[in-house]
Amino acid sequence: MHHHKFNDFPSDFLWGAASAAYQVEGGWNADGKGPSVWDLFTKLPGKTFEGSNGDVAVDHYHRMEEDVALMAEMGLKAYRFSVSWPRIYPTGRGEVNEAGLAFYEKLIDTLLAHKIEPVLTLYHWDLPQALQDEYGGWEDRRIIEDFERYCVTLYQRFAGKVKYWVSLNEQNYNLTNAYQLGTHPPAVQDRKRFFAANHIAFLANARVIKAFRQHVPNGLIGPSFAYSPAYPASCDPKDMLAYENAEEFNNLWWLDAYCFGRYPQAALAYLRENGEAPEILPGDMELLREGTPDYIGVNYYYTLTYTDNPLGGQTLQRINTTGKKGTTPSSGIPGLYKTAPNPHLETSNWDWAIDPTGMRIALRRLSSRYGLPLMITENGLGEFDKLEAGDKVNDEYRIDYLRSHVKACQEAMQDGVELLGYCAWSFTDILSWLNGYQKRYGFVYVDRDEQGGSLRRIKKASFHWYSQVIASQGKQL
Ligand code: BG6
């Protein structure tokens, strides 16, 4: 479908930008905060790029007002941020740490004073270390109660101020790294444990959505999902089957569980046959169906292309964390699928395919399968940026990326998708979990590298571009 004319973006469209607590805040032990699993994991040798960690990050904890002033100057309509669970409950439960709540309250109030809609993420991977130590975090059903108590604390405090909420950020990506690749804490490589932890996370997600209905009746809540739509490498039926397998195992496993309260059939049959299916107790699937979301948050960066992978073939491989282009190996599950390069697409220096049409496809697939509104909760380009003389950062490549993806949103809306907003990743530069500070995403450059820096904020070319996009309601791209 090629459209002749575009509809305008609706006047209440949420033009936003996003961040996550561990990636921006710093202040890792400030004002009573307890340690998260990331505070410990990043200190283990060899886990992150050049041993980078979020102890200071971009010091947003101490520069919140300056950062929000920049958002206001840009004209931002929405800001997505995450709350750090161990700031609120330093050991995961027990006594509330009032200073932690006060920080987020101040952030929310400052945003509202500038007419910026807060989009609050309840969990962006920084689990209290105490809960990991006590019962293995997401591997134990006790986390459901603890997570609910933490979320209800935030609902009660912020119900009147925050309308848009995100439950779990990228459960799929985070737990794949944590329990299959061994690249996020607790660095396990075990498929049975992976599916068990995911099942418990689905239950926790449903429980906090159920509780949300009581405490924030006028709000909207949904998970944000790392959606890399699958493509077949060719029309060879073997590749088509590999693509079907990949879509079920890598996407529908989460999306169907969240939105339909069930698991996709072929994937579930395969796991049962292999003894890797999660333990489903009476009442579990009912709970999932009672806790479905109001909207789906979509974190879209790239599509993945799949081809046949016979038994004995390619296994799961780690991602490129260096920015050395062309170093990402094919990754797969023998007997199901493996990734293949897409010859039609350019890639970033981290080998991520640049595919705005893929975003349109992503939005259409989700909207048509689940019939829910969508919000782009993340989309952006991680690249090396260069600070040039006169405090200039000419990130034209990022502008190109964002422009083509905003256009894809417009096309998807024309195709009938209900899209609430678009949150670019990220507002300021951030710590990229495994890629250090050299993989930059922000509209605002932060003067620091793996060793440190002045932390000065510098507006990039993309800052001015996005500002004009917002001011023109998407007419001036
Ligand atoms: C998502 C996360 O995986 O993508 C973000 O929600 C992350 O926290 C972003 O930073 C980009 O990934 P990366 O690995 O390039 O930082």
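Both ligands and their constituent atoms are indexed starting at 1 by order of listing.
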Side-chain ion pair, Glu139 and Arg193, N-O less than 4.0 Å
yes

ring-ring contact (aromatic ring centres under 6.0 Å, His included) involving Trp352 - partner list, sequence neighbours excluded:
Tyr301, Tyr302

Determine, using heavy atoms of Leu434 and all atoms of ligand 1, whether some pair is separated by less than 4.0 Å.
no

Establish, yes or no, whether a centroid distance under 6.0 Å links the rings of Phe195 and Trp253.
yes

The option among Trp352, Trp125, Tyr300, Trp433 carrying the non-hydrogen atom nearest to atom 12 (O) of ligand 1 is Trp352

Enumerated ligand 1 atoms positioned under 4.0 Å from heavy atoms of Asn169
6 (O)

Kindly write out the residues that satisfy side chain to side chain contact (heavy atoms under 4.5 Å, CB included) with Glu73, not counting sequence neighbours, or none if the list is empty.
Leu70, Lys459, Phe463

Using a 3.5 Å cut-off on N or O atoms only, is Tyr441 in polar contact with ligand 1?
yes

Take every heavy atom of Trp350, measure it against each atom of ligand 1, and state whether any distance is under 4.0 Å.
no

If you have a sec, work out which protein heavy atom is nearest atom 4 (O) of ligand 1 and how many Å separate them, to one decimal?
Glu378 OE1, 3.3 Å

Any side-chain to backbone donor/acceptor pair from Glu383 onto Asn349? Under 3.5 Å, distance only.
yes

Can you name the atoms of ligand 1, numbered from 1 with element, that are less than 4.0 Å from a heavy atom of Asn435?
13 (P), 14 (O), 15 (O)

Distance from atom 9 (C) of ligand 1 to nearest protein heavy atom, with residue and atom:
Tyr301 OH, 3.4 Å

Kindly identify the option in Lys439, Glu170, Gln23 whose heavy atom sits closest to atom 3 (O) of ligand 1.
Glu170

Sub-3.5 Å donor-acceptor pair from the side chain of Asn198 to the main-chain atoms of Phe194, do we have one?
yes

Do ligand 1 and Ser432 have nitrogen or oxygen atoms that lie under 3.5 Å from each other?
yes

Does a side-chain N-to-carboxylate-O contact under 4.0 Å join Arg63 and Asp59?
yes

